**Student:** 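My questions all concern the structure below.
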Amino acid sequence: MSCYPRIYDIVRQIPHGKVATYGQVAELAGLFGKPRVVGYALYRGAPEQEIPWHRVINAKGEVSRSAFRDGSDDLQQLLLESEGIVFELGKLSLAQYRWQPPRSLLAQIQQIPKSDPG
DNA sequence: CAGATGACAAGAT
DNA sequence: AATCTTGCCATCT
């Protein structure tokens, strides 16, 4: 697995009607300061599993778009609105929808082994 | 190895 | 507020 299973594990923890920023997922995944790797992992991996990738947005509360997402650039927003999240001017209230990870998860952030010098 | 890219984030202008 | 620039680094070419 050349990707980061941690990232998918974290994203899966995001509850319904909540969102998390790439930076937040990154730090929860042990990639503090490397939000790009998160986006990259989702972009590259984007497993057809139950990964609620649509609950991951940028730090500005906006939904990132890309010319080659799924054909529909608004797909992510549509999915979020389907969960009860209300958008305003193309943005949402992070203060209102920001996912607050459980302490049990925060505690593991400092327990993540990077890699063993096998 | 070297150059370029990206579903980001924070700072400066 | 919008744009430009830098930082970060795995991945692609």
Side-chain angles (χ1 to χ4, degrees):
Chain A
M1 208 68 171
S2 48
C3 49
Y4 285 85
R6 263 286 175 185
I7 295 176
Y8 304 129
D9 191 21
I10 297 299
V11 176
R12 261 200 279 253
Q13 294 297 317
I14 305 175
H16 173 102
K18 291 287 182 178
V19 300
T21 67
Y22 294 92
Q24 179 159 18
V25 174
E27 71 176 290
L28 292 174
L31 297 169
F32 182 77
K34 308 175 184 61
R36 307 204 57 159
V37 182
V38 176
Y40 201 90
L42 295 177
Y43 156 69
R44 294 299 304 174
E48 296 79 9
Q49 300 179 22
E50 295 293 324
I51 303 296
W53 55 271
H54 57 270
R55 294 182 190 146
V56 185
I57 61 178
N58 61 26
K60 295 182 294 189
E62 298 174 330
V63 175
S64 297
R65 301 183 177 182
S66 203
F68 63 99
R69 272 283 292 271
D70 197 320
S72 299
D73 299 329
D74 302 317
L75 176 60
Q76 183 168 6
Q77 182 173 329
L78 292 175
L79 290 171
L80 291 175
E81 290 182 327
S82 182
E83 301 205 350
I85 293 178
V86 179
F87 279 77
E88 189 172 323
L89 303 178
K91 300 171 61 175
L92 55 74
S93 180
L94 279 175
Q96 187 171 348
Y97 298 112
R98 168 94 71 166
W99 170 49
Q100 299 174 317
R103 299 184 66 81
S104 57
L105 188 56
L106 296 174
Q108 294 191 31
I109 300 175
Q110 307 176 27
Q111 298 285 349
I112 300 172
K114 281 185 63 177
S115 62
D116 295 329

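Just so it is clear, the model here is predicted, and its values are computed rather than measured.
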**Student:** Restricting to nitrogen or oxygen on both sides, can you table the protein-nucleotides 5-8 of chain C pairs closer than 3.5 Å?
**Tutor:**
unit_1, atom_1, unit_2, atom_2, d
dG7(C), O6, R36(A), NH1, 3.2

**Student:** On a heavy-atom basis, which atom in W99(A) and which in Q24(A) lie closest, and how many Å separate them?
**Tutor:**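 Nearest heavy atoms, W99(A) then Q24(A): O-NE2, 2.9 Å.
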**Student:** Roughly, in whole Å, what's the span from NZ in K60(A) to P in dA9(B)?
**Tutor:**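 That distance rounds to 8 Å.
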**Student:** Which of these nucleotides, dG6(B), dC8(B), dA7(B), is closest to any side-chain atom of N58(A)?
**Tutor:**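 Of the candidates, dC8(B) comes closest.
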**Student:** Scan V56(A), V25(A), L28(A) and name whichever one has a side chain to side chain contact (heavy atoms under 4.5 Å, CB included) with I7(A).
**Tutor:**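 Testing each of V56(A), V25(A), L28(A) against I7(A), the sole residue satisfying side chain to side chain contact (heavy atoms under 4.5 Å, CB included) is V25(A).
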**Student:** Does a side-chain N or O of T21(A) approach OP1 or OP2 of dC8(B) to a distance below 4.0 Å, or not?
**Tutor:**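 Result: no.
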**Student:** In sequence, state the C-alpha distance, the side-chain angles, and the governing distance for Y97(A) and L80(A), and then conclude on side-chain contact (heavy atoms from CB on, under 4.5 Å).
**Tutor:** CA-CA 11 Å; Y97(A) 298 112; L80(A) 291 175; over 6 Å; no
**Student:** Between L94(A) and A59(A), which heavy-atom pair has the shortest distance, and what is it?
**Tutor:**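 L94(A) and A59(A) have their closest heavy atoms at CD1-O, 3.2 Å.
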**Student:** According to salt bridge (charged side-chain N to carboxylate O under 4.0 Å, His left out), does anything in residues 90-106 of chain A pair up with another residue at least two apart or in another chain? List the pairs.
**Tutor:**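 Every candidate salt bridge (charged side-chain N to carboxylate O under 4.0 Å, His left out) pair involving residues 90-106 of chain A fails, so no pair, neighbours aside, qualifies.
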**Student:** In whole Å, I'd like the distance from the CG atom of L42(A) to the P atom of dT11(C).
**Tutor:**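 That distance rounds to 13 Å.
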**Student:** Please state how far atom CZ in F32(A) lies from atom P in dC9(C), giving the value in whole angstrom units.
**Tutor:**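 After rounding, the gap between these two atoms is 12 Å.
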**Student:** L31(A) has an atom CG; how far is it from atom P of dC8(B), in whole Å?
**Tutor:**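 It works out to 15 Å between those atoms.
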**Student:** Would you find a donor on one side and an acceptor on the other, under 3.5 Å apart, between the side chain of Y8(A) and the backbone of E50(A)?
**Tutor:**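 Judged by distance alone, no pair lies under 3.5 Å.
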**Student:** Which pairs count as salt bridge (charged side-chain N to carboxylate O under 4.0 Å, His left out) when at least one residue sits in residues 75-85 of chain A, sequence neighbours excluded?
**Tutor:**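 Qualifying pairs, neighbours excluded: R55(A)-E83(A).
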**Student:** Find the distance I7(A):CD1 to dC9(C):C1' and express it as a whole number of Å.
**Tutor:**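 Rounded to whole Å, this separation is 12 Å.
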**Student:** What residue pairs, at least two apart or across chains, pass salt bridge (charged side-chain N to carboxylate O under 4.0 Å, His left out) with a residue in residues 9-19 of chain A?
**Tutor:**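 Sorted pair list comes back empty.
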**Student:** Take atom OH of Y8(A) and atom P of dA7(B), then tell me their distance rounded to the nearest Å.
**Tutor:**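 It works out to 14 Å between those atoms.
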**Student:** Nearest whole angstrom, please: distance from the C1' of dA7(B) to the CD1 of I14(A).
**Tutor:**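 My rounded result for the distance is 13 Å.
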**Student:** Can you check the Q76(A) CD to dC8(B) P distance for me, whole Å?
**Tutor:**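 For the pair Q76(A) CD and dC8(B) P, the rounded distance is 10 Å.
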**Student:** Show the distances under 3.5 angstrom between N or O atoms of the protein and N or O atoms of nucleotides 10-13 of chain B.
**Tutor:**
none

**Student:** If you take all heavy atoms of Q76(A) and S64(A), which pair is closest and at what distance?
**Tutor:**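 It is OE1-O, 3.8 Å.
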